[in-house]
Engineer: 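This is the structure, below, for whatever I ask next.
Scope of the values below: all heavy atoms of this structure, side chains included, with no hydrogens, waters or symmetry mates. Computed from a predicted structure; not experimentally measured.
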Amino acid sequence: MEEVEWMPRQPRAEDLRVGLISWAGSYLTYEPYKNTVTATAKGLGRRQTWEILVSNQHDTQAVVRLRSLQGLYLLCEADGSLCYGRPRTSHHGCFLIRFHRNGQWTLQCIISGRYVESDGEDVFCTSRVLSAYHMWTPRPALHVHVILFSPLNHCYARADPTMGRVWVDAPIPCLEECGFLLHFQDGCYHLETSAHTFLSHLDRLVSQPSTQTAFHMQVRPGGLVALSDGEGGVLYPQGTRLLLSLGSSPHGGEEWFILQRCPTWVSLRSKSRKFLSVVYDVEVCAASEHVSPMSLFQFECDNETPTLQLRSANGCYLAQRRHRAVMADGHPMECETFFRMHWNCGRILLQSPNGRFLCIAANGLLMASATIPGPNEEFGIRLANRPFLALRGRYGYVGTSSEHDLLQCNMDQPDCIHLLPCRQGIYHFQAQGGSFWSITSFGTFRPWGKFALNFCIELQGSNLLTVLAPNGFYMRSDRSGTLLADSEDITKECIWEF
């Protein structure tokens, strides 16, 4: 089989979403019950998230519409007031965004020529003369666990904890070292590696965040970002080994990266405790007792339906072929690459398009031959590129707060939950200080337990999961901000981005 070049996925809706921060540090917010727009919120939530729909873009500006998660648009009226709803004409709701050198944006109404501004609370569009009140700082709204892809070099950024450097040399983002946590603080960004070190202005990884790890970010619609030190230096790959470091003379757009959510890579283990691996280019068998790059699969799932695609490191998808064999030679649009997933206590069953379940034949090959699923059709599944979880629910991230002794689910920044694998699909949750998660009789959580408890993780989408807590209930986010485990069924509040 001819080698298939690894193709990065196309931008998704979440890659095009931002929060817009005013000069006063508050976010552009739509108020659904008042049909108005304000700038009073201090955090980035659902009502502060806007999808940027581009109709025309150049280097320094773009004509766009801003759409809320409810599907309604930011609109400027003739009297200079702002509301949100549906455009009445082809230009109604269109804004000219200008990208300024300091990373900020201005939004100019196409019809009136006036700029969107805030007085710290209200938002309006009355002035044609630019001032600091018209400046808005874009903040990407995607989950903080990200990867950085260089479209010029066709490689991903990769932290090297041994050398204390970051290289842009990974052709496939299957390693945990390709994932970074993007922390936003005081208008700047800090890049944290999977080993919890930070990229600094000195091109080295350091143990603690500081002013030397703070970067300014230029954001373009579509997930393009560039990071700079604010003093003329910009991050881009340099030298023959493509070291990610500060410089002042990038060529041909070297400084631009596509910011995407960290993909999910898994390993699958059969009942015989052998890992599924791709051998001889396309055959899939359970033969290896150890994880290798060819036993890693990207978990791609439609969030609306329980159908799954598994992408091998060879760039192709697992697909059902003739004689019920499953091969790693599929393409993303083939119906034979879609498998229906079923969960059983942290173990996964995969049902092929012919209705039969995947199992391991006597010769070790992966086949779609079982009509009735049983233990032989169950596969253990483990997160391969995730040493920790950063969970985001409907009301924010899971983390600790100085104001509460219980774990909260409405935080602006997450706490890392370190995963200690126990059995397939079962993990111990360890807090950042080394203690374990504990659960109270009320189904709430504290992060300073002495003993490890079992948590069952089941994947529900490409970057979505549910957690079955030790008390037998699903973990969910609550409007009060307290993290709870009291749901017998999987509801929207039980779904977590990771």
Engineer: Hey, does the side chain of Trp496 reach the backbone of Met475 with a donor-acceptor pair shorter than 3.5 angstrom?
Structural biologist: yes

Engineer: Does the distance from a Lys or Arg side-chain N to an Asp or Glu carboxylate O, for Glu77 and Arg88, drop under 4.0 Å?
Structural biologist: yes

Engineer: Honestly, is Arg241 close enough over Trp167, meaning NZ or CZ under 6.0 Å from the six-membered ring centre and within 45° of the axis?
Structural biologist: yes

Engineer: Can you see whether Thr106 engages His100 through a side-chain donor-acceptor pair at a distance of less than 3.5 angstrom?
Structural biologist: yes

Engineer: Near Arg128 CZ, under 6.0 Å, is it more than 12 heavy atoms from other residues, nucleotides or ligands?
Structural biologist: yes

Engineer: Measuring centre to centre across the rings, with the benzene-like ring taken for any Trp, is Phe455 within less than 6.0 Å of Tyr427?
Structural biologist: no

Engineer: So, Arg158 side chain and Pro173 main chain: donor-acceptor pair closer than 3.5 Å or not?
Structural biologist: no

Engineer: Determine whether the aromatic ring centres of residues Phe99 and Trp105 are separated by less than 6.0 angstrom.
Structural biologist: yes

Engineer: Looking at Glu51 and Arg67, is any side-chain nitrogen of the basic one under 4.0 Å from a carboxylate oxygen of the acidic one?
Structural biologist: yes

Engineer: Would you confirm whether the ring centroid of His201 sits within less than 6.0 angstrom of the ring centroid of Phe215?
Structural biologist: yes

Engineer: Does the gap between the ring centers of Trp50 and Tyr30 come in under 6.0 Å?
Structural biologist: yes

Engineer: I'd like to know if Glu176 and Arg386 make a salt bridge, using a cut-off of under 4.0 Å between side-chain N and carboxylate O.
Structural biologist: no

Engineer: Pick out which of His145, His143, Glu497 makes a side-chain hydrogen bond (donor to acceptor under 3.5 Å, both in side chains) with Arg261.
Structural biologist: Glu497

Engineer: Would you say Phe184 and Met217 make side-chain contact, with heavy atoms under 4.5 Å?
Structural biologist: no

Engineer: Does a side chain donor of either Thr29 or Gln48 reach within less than 3.5 Å of an acceptor in the other side chain?
Structural biologist: yes

Engineer: Is the shortest side-chain N to carboxylate O distance from Asp412 to Arg392 below 4.0 Å?
Structural biologist: no

Engineer: Using the rule given for ring-ring contact (aromatic ring centres under 6.0 Å, His included), can you reason through Phe388 versus His196, listing the C-alpha separation, both sets of side-chain angles and the distance that settles it, and then say yes or no?
Structural biologist: CA-CA 10 Å; Phe388 60 84; His196 304 298; 5.3 Å; yes

Engineer: Count the heavy atoms of every other residue, nucleotide or ligand shown that sit under 6.0 Å from CZ of Arg204, and state whether that count exceeds 12.
Structural biologist: no

Engineer: According to side chain to side chain contact (heavy atoms under 4.5 Å, CB included), who are the partners of Phe124, at least two apart in sequence or on a separate chain?
Structural biologist: Glu117, Asp119, Asp122, Thr126

Engineer: Just by distance, no angles: are the side chains of Thr38 and Glu31 close enough, under 3.5 Å, to form a donor-acceptor pair?
Structural biologist: yes

